[in-house]
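The structure appears right after this line, and notes come after that.
Everything numeric here is computed off the predicted structure, so don't read it as measured data. Residue numbering restarts at 1 for every chain, and letters A, B, ... go by the order of the sequence lines.
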There are 2 protein chains.
Amino acid sequence: MDGKLEILIAKLQEASSKADLQNAVFLLRDHYDVDHVVYHSVNQSREPYAALTYGEDWVGRYLEKDYARIDPVVQGCYQKFRPVDWKQLDWSGKAARSFLGEAISAGVGNQGLSVPIRGPNGQFALFTVSAKAADDSWQRFTSDHLSDLLLVSHFMNQKALEFDDAEDRTISRQLSPREVDALSLLANGQSRGQASETLGISEHTLRVYIEAARLKLGAQNTTHAVALALSHGLIIL
Amino acid sequence: MDGKLEILIAKLQEASSKADLQNAVFLLRDHYDVDHVVYHSVNQSREPYAALTYGEDWVGRYLEKDYARIDPVVQGCYQKFRPVDWKQLDWSGKAARSFLGEAISAGVGNQGLSVPIRGPNGQFALFTVSAKAADDSWQRFTSDHLSDLLLVSHFMNQKALEFDDAEDRTISRQLSPREVDALSLLANGQSRGQASETLGISEHTLRVYIEAARLKLGAQNTTHAVALALSHGLIIL
DNA sequence: ATTTCCCTCCCCAGAAATGGCGAGGCCGAA
DNA sequence: TTCGGCCTCGCCATTTCTGGGGAGGGAAAT
């Protein structure tokens with residue numbers, strides 16, 4: 001990690017508004033001499049957030065067409081832990097190829113590296129660097145700066161969460177152990193009858209737990225409660 | 001990042017077995033001159049994995065008593081994105097305090113920093129460094145090595161996933177767009193009736209999607225299917 | 001010591017989900 | 001072109017879940 005980047009990261013950690021993050025991606029783009037630097041959250045229920053160097057037209061089209069659903073970068077990164085080079089992704093499929101063509105003509109660049117970032121409560125975001133480059137020089141670039149990009153993506157997301165989590169998204173009350181047991185068993189496919197048997201309690205008691213958990217989570221129904229508990233990390237499959 | 005650590009990370013990336021990871025935590029402990037270095041996955045349904053420098057007695061007791069459920073480190077890290085200093089955690093509560101006492105007498109150390117790590121499919125792991133130290137010197141240590149620890153935790157988890165995911169946990173077939181729609185709406189708390197209305201299709205058609213998705217996922221019921229889809233990243237809440 | 005959770009149990013009736021039967025059209029791949 | 005997958009619709013019977021009542025004991029926190 002060279003000194004210049006340390007300064008950029010320090011600046012990032014001092015960021016006090018979303019505008020500072022927007023500024024940071026431009027600084028990063030210039031620092032690495034790439035075409036684009038993009039940080040964006042990938043979530044449906046919460047309000048989306050992004051700090052990026054793409055043009056407004058491409059961003060608008062991406063959102064309008066809901067490209068996140070077919071974008072192989074998003075889909076692929078969701079399945080992986082380590083940073084993903086765009087070349088490694090599956091670009092077969094009609095939708096993916098036409099999307100790729102459109103992206104390239106929008107000036108996104110033919111090469112890209114995307115870092116998946118996962119936060120609490122099911123948060124998922126991507127930090128991406130993209131450029132127009134030959135395969136070998138791009139490979140050199142990514143392996144040289146992998147650690148840097150990991151750190152930048154981490155601090156970028158940390159800041160984004162700070163600004164975003166102002167509107168508290170955290171669960172007010174924790175679930176009781178029994179409530180966790182109940183939702184866990186349901187999430188693992190057991191019916192209420194099976195789950196109550198597993199726990200050695202009456203089915204009614206199990207229902208009380210589910211209902212209590214449902215209220216705490218503000219869920220509409222059992223499936224919703226399980227989904228919320230899962231994505232909030234309150235239960236683990 | 002000094003050269004010594006770069007070598008350790010390079011060694012880590014060359015690791016070819018779980019024994020290498022076990023070895024790595026000892027190297028890291030010596031390198032940082034701390035009391036303990038711990039990497040462990042925190043998952044219920046999948047087989048747990050850990051590479052750590054704790055004594056067997058403490059590990060055994062931790063597992064036996066299922067301390068992960070009350071350990072404020074685990075509980076706290078679940079809710080946070082940035083590394084957590086143990087001092088910041090909530091140690092009130094009877095169970096937490098008695099656990100803390102037991103941990104300290106087991107030689108864990110009074111200071112600790114834990115890095116939450118999240119992987120795909122709901123994976124969650126912790127990378128922890130702990131020592132017996134005064135507050136100020138510990139603070140200096142953690143702020144000096146924060147970036148290092150972030151990188152180490154990342155590569156450690158990457159390796160752990162490589163070894164663990166040998167037994168393929170991936171879904172065989174992808175879900176169709178409509179199936180994704182259906183499960184997404186259910187995961188967001190809509191009933192079948194509401195969801196079918198949202199999509200502008202008959203309730204029966206929606207049922208067909210749910211059923212198809214359920215079969216593809218090998219789920220027992222709708223809630224199970226939603227849970228599987230969520231934790232496999234096929235749908236996003 | 002009082003309150004506030006948590007755990008446990010019971011009954012009932014209406015709403016919703018499930019499982020299995022069937023059918024047709026469309027599109028892309030082999 | 002034929003096969004498989006996807007999207008769309010309908011009906012019926014059974015099981016399961018949901019939402020509303022209550023009720024008691026225990027542990028922990030303020």
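For the OP1/OP2 pair of dC7(C) and a distance below 4.0 Å, the side-chain nitrogens and oxygens of Ser176(A) include at least one atom meeting the criterion. Taking only side-chain nitrogens and oxygens, Lys216(A) never comes nearer than 4.0 Å to OP1 or OP2 of dC5(C).
Summarising the geometry, the separation between CG on Leu215(B) and C1' on dG5(D) is reported as 14 Å, rounded to the nearest angstrom. Atom CZ of Arg207(A) is separated from atom P of dT16(D) by 14 Å (rounded to the nearest Å). Look at CD on Glu203(B): it is 15 Å from P on dC12(D), rounded to the nearest Å. Per the geometry, CG belonging to Asn221(B) stands 14 Å off C1' belonging to dA16(C), to the nearest Å.
Distance from the side chain of Arg178(B) is smallest for dT8(D) among the nucleotides dG19(D), dC7(C), dT8(D). Among dG10(D), dT8(D), dA16(C), the nucleotide with an atom closest to any side-chain atom of Thr205(B) is dT8(D). Closest to the side chain of Ser191(B), from the set dA16(C), dC9(C), dT8(C), is dA16(C).
Checking side-chain atoms of Arg118(A) against main-chain N and O of Tyr78(A) turns up a donor-acceptor pair under 3.5 Å. No side-chain donor-acceptor contact under 3.5 Å links Ser114(A) to the backbone of Phe127(A).
Partners of Tyr67(B) according to the ring pair (Phe, Tyr, Trp, His ring centres under 6.0 Å) rule, which considers only residues two or more places apart in sequence or in another chain, are Tyr62(B), Phe99(B). Not counting sequence neighbours, the partners of Gln190(B) by the side-chain hydrogen bond (donor to acceptor under 3.5 Å, both in side chains) test are Thr198(B). Partners of His36(B) under the side-chain hydrogen bond (donor to acceptor under 3.5 Å, both in side chains) rule, at least two apart in sequence or in another chain, are Thr53(B). With sequence neighbours left out, Leu52(A) forms a side chain to side chain contact (heavy atoms under 4.5 Å, CB included) with Val38(A), Ala50(A), Tyr54(A), Val59(A).
Residue pairs meeting the side-chain hydrogen bond (donor to acceptor under 3.5 Å, both in side chains) criterion with at least one partner in residues 217-230 of chain A, sequence neighbours excluded, are Thr223(A)-Thr223(B). Within the structure, every pair that satisfies the salt bridge (Lys or Arg N to Asp or Glu O under 4.0 Å) test and touches residues 77-93 of chain B, not counting sequence neighbours, is listed here: Glu162(A)-Arg82(B), Lys87(B)-Asp135(B). Pairs engaging residues 221-237 of chain A under the salt bridge (Lys or Arg N to Asp or Glu O under 4.0 Å) rule: none recorded [sequence neighbours left out].
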Check: protein-nucleotides 22-29 of chain C nitrogen or oxygen pairs below 3.5 Å:
{"from": "dG28(C)", "atom 1": "OP1", "to": "Lys94(A)", "atom 2": "NZ", "distance (Å)": "3.3"}

Mind listing the N/O atom pairs, protein and nucleotides 1-3 of chain C, below 3.5 Å?
none

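Each of Glu179(B) and Leu206(B) was assigned the nucleotide of DNA chain D with the nearest heavy atom; the assignment lying further toward the 5' end belongs to Glu179(B). Mapping Ser202(B) and Ile210(A) onto DNA chain D by nearest heavy atom places Ser202(B) closer to the 5' end of the strand.
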